[in-house]
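Heads up: the structure comes next, in structure tokens.
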Amino acid sequence: MWPFKSKPDPSTDAAAARPGAGEPEAKAFADIGAGQPETKGLAEPGDDLYALFGIVPSTATGAPVTPETALRVPAVSGAIRVISDAVATLDVGVVRIEEDGTETPEAGHPVLPLLRDHANDWTDGFSFLRDLVIDALSDDRGGMAYVNRLADGRLAEIIRYRRGVMDVQFHQTTGEPSYKIDGRSVPASDVIHLLSPFGRAPLSLACEAIGTAIALNNHAARLFGRGARPSGALLFPKGMGEESVKKARAAWRLTHEGEDGGGQTAILYDGADFKPFTLASTDSQFLENRKFQILEIARVFRVPPSMLYDHDRATWSNTEQMGREFLSYTLEPWLRATEGALRRALFGAEERGQYAVRFDRDDLTRADLSTRSTVINSLTASRVINPNEGRGWLGLPPRPGGEEFINPNITTTPTSGNPDNAA
């Protein structure tokens with residue numbers, strides 16, 4: 001707990017410093033841009049502005065694609081969850097960057113509790129990191145959060161506002177961003193901003209593929225619900241009037257359609273004949289079309305199909321290989337981008353060269369205890385690491401004498417600590 005001069009309530013101070021807290025805050029934001037004319041951006045309006053005027057972006061299939069509708073597609077929500085949950089589940093820490101470039105964990109830095117414990121009074125650190133990545137994956141404006149500081153510059157909380165509250169505009173020449181919360185300007189140094197590649201969210205880039213998946217889902221619902229295609233036709237050799245056709249159709253539906261109509265014996269009158277309809281070639285490939293859309297969505301998010309539970313072509317060997325590729329080519333770029341966004345906003349100008357935020361990549365392979373044990377034993381035997389460093393990788397406390405660089409497979413007595421003398 002940081003000391004305060006007059007022992008005020010920290011939660012009260014933090015709440016008073018939030019944008020939109022009252023007139024004093026309004027005056028503070030007004031002072032930021034005092035004497036400077038306000039400039040309007042020409043950025044593309046977002047989905048929230050479109051929805052405000054009743055305009056919903058749609059695709060060639062006619063299916064509207066918004067973050068809300070896209071998440072109803074299992075492949076989309078699954079891909080976003082795989083990436084965002086993977087980032088948030090990793091252990092996050094703060095390191096000090098030494099003059100020689102080495103990094104030392106800094107357990108007492110005030111940034112750490114906001115990322116590990118609680119970003120604010122109502123959001124835990126895991127949920128904050130997860131939702132920040134979800135916003136970057138689904139919104140062209142990226143994932144944004146406001147870093148609330150007290151009057152003396154100390155960190156108070158991190159707030160991720162609901163969609164549409166925070167806005168960003170980019171300078172047309174330099175690309176420099178400017179931010180507003182409820183129409184009030186805030187310094188860029190107080191905003192965590194995580195952007196997707198190309199300046200467009202994968203959900204936006206894949207809108208046509210997602211729209212096709214939505215159309216296929218809707219067609220499947222109609223096909224198995226009300227019947228998108230009639231199963232057959234009743235043929236009567238004698239002419240029938242309109243009223244007779246209605247009665248015959250009603251009687252057929254009452255007997256043979258609905259939840260309890262399957263398996264009942266069909267009784268036809270007046271020489272009537274039932275002719276079932278056959279499916280066209282494109283209808284017979286309906287399931288294949290739906291599976292192909294899973295591959296399309298997986299390509300955009302760079303997620304292996306096996307992680308979306310498409311195991312048609314998955315084997316033990318290629319699934320393991322795709323898992324490694326996911327860590328290297330999908331998750332690692334998001335980890336680097338998230339670390340950079342957090343470092344820029346959570347540390348002051350003087351601290352940025354001294355401290356950094358780091359995710360523990362070892363958590364990704366921690367479940368494979370056999371492989372970790374083999375690697376640690378090999379590195380210890382070759383005297384690349386000492387036993388205590390290996391114990392630290394396993395989450396175990398150091399033991400006396402564990403700082404010696406020795407080969408435990410051939411060394412029986414402690415040495416003086418010189419690796420060259422450990423034979």
Side-chain angles (χ1 to χ4, degrees), residues 2 10 13-21 24-41 43 92-97 106 109-116 118-120 123 125 128-129 131-133 135-136 139-162 165-196 199 334-359:
W2 295 312
D13 282 2
R18 295 172 193 154
E25 186 62 25
K27 182 178 183 302
F29 279 101
D31 292 340
I32 294 177
Q36 298 180 0
E38 183 181 5
T39 58
K40 300 293 184 180
V92 62
V94 176
V95 298
R96 175 190 289 273
I97 302 177
E106 191 75 12
H109 199 280
V111 166
L112 200 55
L114 297 177
L115 299 178
R116 281 187 176 179
H118 293 87
N120 50 57
T123 309
F128 163 70
L129 292 173
D131 294 344
L132 183 70
V133 178
D135 289 343
D139 194 332
D140 286 343
R141 290 169 297 187
M144 293 182 288
Y146 175 70
V147 179
N148 192 10
R149 290 182 169 87
L150 301 178
D152 56 1
R154 290 172 296 171
L155 296 174
E157 58 189 359
I158 304 174
I159 304 175
R160 171 188 167 270
Y161 287 91
R162 291 179 297 178
V165 176
M166 293 190 67
D167 185 38
V168 58
Q169 301 290 337
F170 297 94
H171 193 277
Q172 295 183 5
T173 304
T174 63
E176 179 182 1
S178 58
Y179 302 93
K180 289 185 178 181
I181 300 179
D182 281 335
R184 300 173 181 175
S185 299
V186 294
S189 58
D190 291 339
V191 177
I192 299 173
H193 194 184
L194 179 61
L195 278 171
S196 295
W334 281 104
L335 291 175
R336 294 288 186 95
T338 305
E339 289 172 346
L342 295 174
R343 183 181 187 182
R344 184 189 63 81
L346 293 178
F347 299 107
E350 298 179 355
E351 288 186 313
R352 288 175 192 163
Q354 302 176 3
Y355 298 97
V357 176
R358 291 287 184 264
F359 289 95

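Keep in mind that the numbers below use all heavy atoms, side chains included, and drop hydrogens, waters and symmetry copies. One-based numbering along the sequence shown.
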(request) Decide side-chain contact (heavy atoms from CB on, under 4.5 Å) for Trp334 and Ser196; before the verdict, give the C-alpha distance in whole Å, the side-chain angles of both, and the deciding distance to 0.1 Å. (result) CA-CA 9 Å; Trp334 281 104; Ser196 295; 3.3 Å; yes

(request) Decide if the gap between the ring center of His193 and the ring center of Tyr146 is smaller than 6.0 angstrom. (result)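 Centroid distance His193-Tyr146: not below 6.0 Å, so no.
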
Measure the spacing between [atom1] of [X] and [atom2] of [Y] and express it to the nearest 0.5 Å.
| X | Y | atom1 | atom2 | result |
| --- | --- | --- | --- | --- |
| Leu342 | Leu129 | CG | CG | 6.5 Å |
| Tyr179 | Ile192 | OH | CD1 | 10.5 Å |
| Ser178 | Gln169 | OG | CD | 6.0 Å |

(message) I'd like to know if Arg154 and Asp152 make a salt bridge, using a cut-off of under 4.0 Å between side-chain N and carboxylate O.
(response)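 A salt bridge is present here (some side-chain N lies under 4.0 Å from a carboxylate O).
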
(message) Regarding Arg141 and Asp135, does a basic nitrogen lie under 4.0 Å from an acidic carboxylate oxygen?
(response)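 No, this pair does not count.
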
(request) Please name all residues satisfying salt bridge (Lys or Arg N to Asp or Glu O under 4.0 Å) with Asp167, sequence neighbours left out, ordered by chain then number. (result)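 Result, salt bridge (Lys or Arg N to Asp or Glu O under 4.0 Å) vs Asp167: none returned.
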
(request) Just jot down the salt bridge (Lys or Arg N to Asp or Glu O under 4.0 Å) partners of Glu351, sequence neighbours excluded, or say none. (result)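 By the salt bridge (Lys or Arg N to Asp or Glu O under 4.0 Å) rule, Glu351 matches no residue at all.
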
(message) What I'd like to find out is whether the side chain of Glu106 reaches to under 4.5 Å of the side chain of Leu112, using heavy atoms alone.
(response)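 No; the side chains remain at least 4.5 Å from each other.
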
(message) Side chains of Phe170 and Glu176, heavy atoms from C-beta outward: is any pair under 4.5 Å?
(response)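 The answer is no; the side chains never approach within 4.5 Å.
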
(request) Take Arg116 and Val92 through the side-chain contact (heavy atoms from CB on, under 4.5 Å) test and state the conclusion after the steps. (result) CA-CA 7 Å; Arg116 281 187 176 179; Val92 62; 3.9 Å; yes

(message) List the residues meeting side-chain hydrogen bond (donor to acceptor under 3.5 Å, both in side chains) with Arg352, not counting sequence neighbours, and say none if there are none.
(response)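 Scan of Arg352 (side-chain hydrogen bond (donor to acceptor under 3.5 Å, both in side chains), adjacent residues dropped) gives none.
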
(request) Output yes when a side-chain donor or acceptor of Arg343 lies under 3.5 Å from a complementary backbone atom of Tyr355, and no otherwise. (result)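 Yes, Arg343 side chain to Tyr355 backbone: donor-acceptor pair under 3.5 Å.
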
(request) Identify the residue among Asn120, Thr123, Leu346 that makes a side-chain contact (heavy atoms from CB on, under 4.5 Å) with Ile158. (result)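 Passing option: Leu346.
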
(message) Using side-chain contact (heavy atoms from CB on, under 4.5 Å), reason through Val147 and Arg149 one step at a time and then give a plain yes or no.
(response) CA-CA 6 Å; Val147 179; Arg149 290 182 169 87; 3.7 Å; yes

